[in-house]
Amino acid sequence: MSHTYAACKNCHAVNRIQIARAKEAVCGKCHSQIIFHGLVSEITSGDFQKVLKASDKPVIVDFWASWCGPCQMYGPEFEKASLGNDQAVFLKVNTETEAALSGSLGIRGIPCTIVFKDGREVKRQAGAMNAEGVKSLLSSV
Ligand SMILES: [Zn+2]
């Protein structure tokens, strides 16, 4: 069965979640709801490495901020690319609240999309894309 990973916002446990059940996903540890936008979940600086380590597939991350116009257009496209897609784990990072993570990755402009494989960065794309662009970025890794 196809699966993805997400960190629980309440207890910070990393959960392996069946894609078919993403809409009603709850944390296996504390039973809090795990929120997906499409198959995209939000991740914090503290939980990021844990998900990278747990994942047996590439992890694609949208670095965004609420004030960023192009990010508002890109978000739904990134989400669209994630729907029904078990090729990768889709995460998004709010660069305002998670400045530590975006700083450590040297992100200067947003939106910025980074693909990680086996815990290492393998691809970085600056700027907004459509859903097809996200998919082709993934198929290039
Ligand atoms: Zn939890």
Side-chain angles (χ1 to χ4, degrees), residues 1-131 133-141:
M1 281 224 284
S2 50
H3 62 277
T4 187
Y5 298 87
C8 171
K9 285 205 150 183
N10 181 49
C11 75
H12 301 283
V14 175
N15 284 259
R16 187 181 194 272
I17 292 153
Q18 297 305 327
I19 283 176
R21 293 188 187 150
K23 271 184 186 155
E24 61 260 24
V26 290
C27 174
K29 204 171 171 187
C30 75
H31 307 293
S32 293
Q33 195 188 355
I34 292 181
I35 296 164
F36 284 99
H37 313 271
L39 279 179
V40 183
S41 68
E42 285 172 47
I43 191 84
T44 58
S45 302
D47 295 340
F48 183 70
Q49 289 297 337
K50 290 194 278 182
V51 174
L52 278 195
K53 211 171 173 187
S55 179
D56 55 2
K57 52 180 88 183
V59 177
I60 184 166
V61 193
D62 167 19
F63 292 87
W64 70 286
S66 58
W67 51 262
C68 154
C71 297
Q72 311 309 319
M73 294 192 295
Y74 180 47
E77 291 296 320
F78 188 72
E79 202 174 306
K80 203 166 136 190
S82 78
L83 281 171
N85 193 339
D86 67 349
Q87 231 191 315
V89 174
F90 288 77
L91 300 177
K92 64 178 185 177
V93 171
N94 184 330
T95 57
E96 286 174 286
T97 58
E98 308 306 323
L101 179 56
S102 28
S104 72
L105 290 166
I107 290 165
R108 288 181 189 86
I110 50 170
C112 180
T113 308
I114 304 183
V115 185
F116 297 85
K117 213 172 175 181
D118 301 320
R120 287 194 315 273
E121 176 176 340
V122 290
K123 206 96 187 185
R124 184 180 290 218
Q125 174 74 47
M129 292 174 272
N130 60 20
V134 175
K135 287 181 192 169
S136 63
L137 184 70
L138 265 181
S139 52
S140 72
V141 299

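We count ligands from 1, going down the list as the structure has it; atoms in each ligand are counted the same way.
Residues forming a salt bridge (Lys or Arg N to Asp or Glu O under 4.0 Å) with K53 (at least two apart in sequence, or on another chain): none. Under the salt bridge (Lys or Arg N to Asp or Glu O under 4.0 Å) criterion, E121 pairs with R124, not counting sequence neighbours.
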N/O donor-acceptor pairs under 3.5 Å from side chains in residues 36-48, not counting sequence neighbours:
unit_1	atom_1	unit_2	atom_2	d
H37	NE2	E42	OE2	3.4
E42	OE1	K9	NZ	3.1
T44	OG1	D47	OD2	3.3
S45	OG	E98	OE1	3.0
S45	OG	L101	N	3.4
D47	OD1	H12	ND1	3.3
D47	OD1	K50	NZ	3.3
D47	OD2	H12	ND1	2.8

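C68-C71 SG separation is under 2.5 Å; the pair is scored as a disulfide.
More than 12 heavy atoms of other residues, nucleotides or ligands sit less than 6.0 Å from atom NZ of K135.
Of the possible donor and acceptor atoms, one in the side chain of N85 sits under 3.5 Å from a partner among the backbone N and O of Q87.
Around the Zn ion (ligand 1), protein N, O or S atoms at less than 2.8 Å comprise C8 SG, C11 SG, C27 SG, C30 SG.
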